[in-house]
Amino acid sequence: MSTLIISHYYADVENVMQYGGTKKETAIRGAFQHLLNQYCEPKHLLLIPELEYATKFGALVYPDGTIKDAMRLDWGWWESKDQFDNLDEEIRKKLDKGYPTDNILFEDSTTAVLIQRGAERLRVSMRDADALHRLVTAFISYERPEIAEFRAAIAGFAADLPDIVTRLREIIADAGQTNATFCAARDGLLRLCQQTINPAITPLDIREMLIQHILT
């Protein structure tokens with residue numbers, strides 16, 4: 001699928017050049033915008049052109065495209081330059097203005113440069129379909145730091161959960177032997193559950209059901 005998307009991008013650029021006689025940025029960037037949105041679609045993202053961005057200097061800038069999710073969170077930015085520009089110089093100018101460096105793709109229809117977390121990650125020839133696919137995939141697949149931290153926290157909790165459950169069982173068992181207040185509250189809860197669920201079930205059965213469904 002990715003090969004087909006990139007092939008269509010090449011064809012779109014060739015058509016613009018053939019019919020329009022130009023390869024200016026403003027003429028051909030729509031083709032790359034379409035390519036990016038095709039990569040965005042499976043991840044439920046959308047690249048929206050010319051949205052304002054407030055820089056760290058307090059100024060407003062307008063990247064050629066901003067990748068957004070349904071919550072309107074920013075996932076990346078795209079900036080298209082003319083092939084006759086010095087791409088590295090144009091990148092420097094944009095970054096000096098305060099353009100974001102979390103996940104931004106610069107391209108001039110010849111070379112694509114991906115900057116992530118403040119450093120250049122990839123630089124590829126846009127005529128190399130495989131390399132372009134890798135770069136665009138890395139761009140679209142970028143994970144916001146707070147989401148990466150959340151995933152790590154979930155993984156850590158899942159790893160710790162068996163020990164937590166074991167310790168909780170021990171605490172409940174100890175309280176059932178030594179804490180009269182706990183025992184009274186526990187027995188009252190078991191009687192209430194017995195009456196509500198099925199009076200024929202014994203409190204012991206109710207207790208085992210609760211342990212099974214709450215602590216596992």
Side-chain angles (χ1 to χ4, degrees), residues 5-6 9-10 12-13 16-17 20-128 131-153:
I5 292 173
I6 292 175
Y9 163 68
Y10 291 153
D12 288 345
V13 172
V16 171
M17 293 175 61
T22 182
K23 201 177 179 182
K24 290 178 61 177
E25 168 208 340
T26 52
I28 66 171
R29 68 182 177 186
F32 197 71
Q33 178 183 332
H34 180 63
L35 178 148
L36 291 177
N37 262 326
Q38 288 182 288
Y39 274 82
C40 284
E41 186 175 357
K43 295 184 175 293
H44 307 290
L45 301 170
L46 184 66
L47 186 137
I48 304 173
E50 304 293 342
L51 289 179
E52 67 179 34
Y53 173 84
T55 73
K56 59 186 177 182
F57 305 121
L60 293 180
V61 295
Y62 297 85
D64 289 324
T66 302
I67 295 178
K68 293 276 193 178
D69 63 17
M71 301 291 291
R72 300 182 182 174
L73 295 175
D74 297 336
W75 286 79
W77 297 266
W78 159 58
E79 188 67 20
S80 179
K81 308 311 300 180
D82 194 280
Q83 65 169 331
F84 302 109
D85 293 332
N86 182 312
L87 183 58
D88 286 329
E89 181 65 17
E90 293 300 318
I91 291 173
R92 185 190 64 77
K93 289 178 181 178
K94 294 296 184 181
L95 298 187
D96 285 349
K97 287 183 177 179
Y99 272 63
T101 59
D102 296 342
N103 184 38
I104 186 166
L105 190 163
F106 291 91
E107 54 83 16
D108 62 0
S109 78
T110 300
T111 301
V113 177
L114 178 62
I115 294 173
Q116 290 182 326
R117 299 186 181 180
E120 182 176 317
R121 177 177 175 186
L122 288 171
R123 178 183 293 253
V124 305
S125 165
M126 295 181 69
R127 297 308 301 178
D128 183 335
L132 183 59
H133 166 67
R134 289 196 300 273
L135 182 142
V136 174
T137 298
F139 176 54
I140 301 300
S141 300
Y142 172 78
E143 191 168 60
R144 294 169 60 93
E146 60 269 32
I147 291 179
E149 291 171 5
F150 179 70
R151 292 186 189 278

Report yes if some heavy atom in the side chain of [X] is under 4.5 Å from a heavy atom in the side chain of [Y]; otherwise report no.
X: Ile6; Y: His133; answer: yes
X: Leu105; Y: Phe32; answer: yes
X: Glu90; Y: Glu79; answer: no
X: Tyr9; Y: Met126; answer: yes
X: Lys68; Y: Leu51; answer: yes

Handout entry: Steps toward side-chain contact (heavy atoms from CB on, under 4.5 Å) verdict (Gln33, Leu47)
Key = CA-CA 7 Å; Gln33 178 183 332; Leu47 186 137; 3.6 Å; yes

Exercise for the section: Using modelled atom types only, decide if a donor and an acceptor are shared between the side chain of Asp85 and the backbone of Asp82 within a distance under 3.5 Å. Expected result: yes

Handout entry: Qualifying ring-ring contact (aromatic ring centres under 6.0 Å, His included) pairs with a residue from residues 40-70, counting only residues at least two apart or across chains
Key = Tyr53-Trp77

Could you tell me the separation between the [atom1] atom of [X] and the [atom2] atom of [Y], rounded to the nearest 0.5 Å?
X: Phe106; Y: Asp64; atom1: CZ; atom2: CG; result: 9.5 Å
X: Leu132; Y: Leu35; atom1: CG; atom2: CG; result: 6.5 Å
X: Asp96; Y: Ile91; atom1: CG; atom2: CD1; result: 11.5 Å
X: Asn86; Y: Lys81; atom1: CG; atom2: NZ; result: 11.5 Å
X: Glu41; Y: Ile140; atom1: CD; atom2: CD1; result: 12.0 Å
X: Leu87; Y: Arg92; atom1: CG; atom2: CZ; result: 12.5 Å

Handout entry: Residue of the set Leu36, Ile67, Asn37 for which side-chain contact (heavy atoms from CB on, under 4.5 Å) holds with Leu45
Key = Ile67

Heavy-atom pair with the smallest gap, counting every atom of [X] and [Y]:
X: Val16; Y: Ala27; result: CG1-O, 3.9 Å
X: Asp12; Y: Ala31; result: CB-CB, 3.8 Å
X: Ile115; Y: Gly118; result: CG2-C, 4.1 Å
X: Leu135; Y: Ala112; result: CD1-O, 3.6 Å
X: Pro100; Y: Leu95; result: O-CD2, 4.3 Å

Problem - Gln116 versus Asn103, side-chain donor and acceptor atoms under 3.5 Å - result: yes

Handout entry: Carboxylate-amine/guanidinium contact Asp102 Arg117, below 4.0 Å
Key = no

Exercise for the section: Indicate yes or no: does Arg123 engage Asp88 in a salt bridge with an N to O separation below 4.0 Å. Expected result: yes

Problem - Full working for side-chain contact (heavy atoms from CB on, under 4.5 Å) between Ile28 and Gln83 - result: CA-CA 11 Å; Ile28 66 171; Gln83 65 169 331; over 6 Å; no

